[in-house]
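What follows is a single structure, written as structure tokens, with notes after it.
Bear in mind that the values here come from a model prediction, so they are computed numbers and not experimental data. First listed ligand is number 1; within each ligand, the first listed atom is number 1. In this chain, residues are counted from 1 in sequence order.
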Amino acid sequence: MKYYILFGPPGAGKGTHAGAIAQKYNLKHISTGELLRAEIAAGTELGKQAKTLIDAGSLVPDSVVEGMIETAFDTIKGVDGFLLDGFPRNLSQAADLDKILEKRGESVTAVAGLMISDDMIRERIKGRAVIEGRADDASDETVNNRIKTYHAQTEPLIEYYKAAGKYWEVNVDGGEIAENRARVLALMDKIA
Ligand code: ADP
């Protein structure tokens, strides 16, 4: 099985391009953000707890997202691998993912980073707020906290995966969706 990580700050376009990548390489796309939003929509206890943290622009506890990831690995069949989107999001999740995969005799295949500037993060999220109606996209304060959370907790993963020789990235700061999709797929062709 292949285990790809689609990496990048909020608003970089991970969700926008994940479907095309998953289809091309027969992968299951797993977005921890989407799984959490499904819990919120279903009104579960987990969803209620997650909503407060998500709306503040903070991360939900590692154990919550790691449980979702392990369940997906255990239950999803008939694909050549997984495309993880929004996970891991801090160093302890990355270390735990290595352990989860090691138990299964597997390892992270490669990390594809989608890079944009902080100004572009704000611009893209502002545009998306109108279309998708996500509460965590609508408030400037939440978006600023997500940018801070990204730099403090998620960005260090770049060095973690570089040290493992598994990190590649593409610049998608600006440009049309189709143009960026072509860049992202070209990167995947290189690392797949
Ligand atoms: P985006 O990357 O556009 O900000 P996501 O859908 O990936 O959106 O995530 C939305 C929110 O869900 C995050 O801000 C965070 O609160 C929570 N979340 C998603 N994935 C994780 C994760 N791996 N660990 C902790 N919290 C997460």
Q: With sequence neighbours excluded, tell me which residues meet side chain to side chain donor-acceptor pair (under 3.5 Å) with Gln49.
A: none

Q | All side chain to side chain donor-acceptor pair (under 3.5 Å) counterparts of Thr44, not counting sequence neighbours | A | Glu39

Should [X] and [Y] count as an ion pair when the cut-off is N to O under 4.0 Å?
{"X": "Lys103", "Y": "Glu70", "value": "yes"}
{"X": "Arg104", "Y": "Asp74", "value": "yes"}
{"X": "Arg124", "Y": "Asp137", "value": "no"}

For residues 181-191, dump all side-chain donor-acceptor pairs below 3.5 Å to protein atoms at least two apart in sequence or in another chain.
from: Arg181; atom 1: NE; to: His17; atom 2: ND1; distance (Å): 3.2
from: Arg181; atom 1: NH2; to: Thr16; atom 2: O; distance (Å): 2.6
from: Arg183; atom 1: NH1; to: Asn171; atom 2: O; distance (Å): 3.1
from: Arg183; atom 1: NH1; to: Asn180; atom 2: OD1; distance (Å): 3.2
from: Arg183; atom 1: NH2; to: Glu179; atom 2: OE2; distance (Å): 3.1
from: Asp189; atom 1: OD1; to: Lys24; atom 2: NZ; distance (Å): 3.0
from: Asp189; atom 1: OD1; to: Tyr25; atom 2: OH; distance (Å): 2.4
from: Asp189; atom 1: OD2; to: Lys24; atom 2: NZ; distance (Å): 3.1

Q: Enumerate the protein residues lying less than 4.0 Å from ligand 1, judged by heavy-atom distances, in chain and residue-number order.
A: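 Under the 4.0 Å cut-off, ligand 1 touches Pro10, Gly11, Lys14, Thr32, Gly33, Leu36, Arg37, Ile54, Ser58, Leu59, Val60, Val65, Gly86, Phe87, Arg89, Gln93, Arg128, Arg134, Asp136, Arg146.
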
